[in-house]
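Note on naming: letters A, B, ... go to the chains in the order of the sequence lines (proteins, then strands), and numbering restarts at 1 for each one.
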There are 2 protein chains.
Amino acid sequence: MNKEYILELLLTNKIRKTQFRIELLEVFMNTKYGLSFKDVKERISSTQDKVTIYRALTIFEKKGIIHKVPNTNDVSKYAICPEACSEKAHQHNHAHFICTQCEKTFCVDEIELPILKKVKGYKIKRSNLTLEGDCPDCI
Amino acid sequence: MNKEYILELLLTNKIRKTQFRIELLEVFMNTKYGLSFKDVKERISSTQDKVTIYRALTIFEKKGIIHKVPNTNDVSKYAICPEACSEKAHQHNHAHFICTQCEKTFCVDEIELPILKKVKGYKIKRSNLTLEGDCPDCI
DNA sequence: AAATTAAACGCAACTAAGTTGCATTTAATT
DNA sequence: AATTAAATGCAACTTAGTTGCGTTTAATTT
């Protein structure tokens, strides 16, 4: 199991190894698609307060452990970062696919985004390609 | 002025020409960047109920007159569609730039998205490229 | 021009997402 | 064992967006 990797992640990011945060990372690692706040809550065995969950999500995102994928339906999903992201270089050079039927969010590693730095006077720090449609399970 | 174009838009989409909806479209046409609900409310002279505003935004989006750009900060922006979108083919083949300083959202026509139809079993109906960073005014 | 009707509107009440302040607990350090 | 700062829990709050329902009004029909 990747429990060791989780502990390593928490250590290098100076996040305390609490039961809940370890379990939260396990949930993310064992899910192939993005999770909304509600999804996360359902998958956590300990009945944590929503504030605690939000705070963990926020710090994980800030540290580059997970990333947030916004959705036109106003319910963002969180997913674990596939490779090494850090607080400084939080680049997700892959697309996200959102199924409009089952509402699941998948990372699509097959599509590589061109890393643009500048376009017509805009300084680009991050880019995010979101695809919408039907996922393999819903076609 | 493009008042005539607005009336035409409403007519072809079978939306009644009320004072408010005409004004709302004028606001969108005269703004070069995306508007949040709050932005819209501030720019409307008549003091419309928020439900009325939301319903107009929803129907305009459904008809392909405006499109919604989600943001990681959970405040979506709405912007008028540059070309001919329709209820069926609501494709926005351009990127959106969100300034992390002033929070403005701009359509970036310079970047053309490759129109992907299928990737690894996913059926893609819509795609959305969002760029984040500093806009020309904030650099 | 009057009657009809369905879209648009306004209000109240609600849900759901996410935040803030503060007191308490606990992991990690000294 | 004592310290301390991170993490937690609770209450209360804000903000975005929705639903139901009765009323108004733009557009159509007679």
Below the 4.0 Å mark, does [N] have OP1 or OP2 next to a side-chain nitrogen or oxygen of [X]?
| X | N | result |
| --- | --- | --- |
| B:R55 | C:dA7 | no |
| A:R16 | D:dA5 | no |
| A:T18 | D:dA6 | no |

Taking atom [atom2] of [N] as reference, at what distance in whole Å does atom [atom1] of [X] sit?
| X | N | atom1 | atom2 | result |
| --- | --- | --- | --- | --- |
| B:D49 | D:dG17 | CG | P | 15 Å |
| B:K62 | D:dT18 | NZ | P | 14 Å |
| B:N71 | D:dT15 | CG | C1' | 15 Å |
| A:L11 | D:dA6 | CG | P | 15 Å |
| B:E103 | D:dT15 | CD | P | 15 Å |
| A:Y54 | D:dT8 | OH | P | 16 Å |
| A:Q48 | C:dT26 | CD | C1' | 13 Å |
| A:I53 | D:dG9 | CD1 | P | 9 Å |

Between B:F60 and B:Y78, is the ring centre distance below 6.0 Å?
-> no

Would you please classify the geometry between the B:F37 ring and the B:Y54 ring as parallel, tilted or perpendicular, with 30° and 60° separating the classes?
-> parallel

Which listed nucleotide (D:dA16, C:dG18, C:dA8) is nearest to the side chain of A:F37?
-> C:dG18

Give a yes or no on whether the backbone of A:T72 and the side-chain of B:K68 come within a donor-acceptor separation of less than 3.5 Å.
-> yes

Whether B:K77 side chain and B:E103 backbone form a donor-acceptor pair below 3.5 Å = yes

Would you say B:I59 and B:L9 are hydrophobically clustered, going by side-chain heavy atoms of ILVMFWY under 4.5 Å?
-> yes

Taking any strand in view, what nucleotide pairs with C:dA6 in a Watson-Crick or G-U wobble way, both distances under 3.5 Å?
-> D:dT25

Using a cut-off of 4.0 Å on non-hydrogen atoms, how would the nucleic acid contact of B:K17 be classed: base, sugar-phosphate, or nothing?
-> sugar-phosphate

Closest-nucleotide ordering on DNA chain D, the 5'-leading residue of A:V51 and A:A56 = A:A56

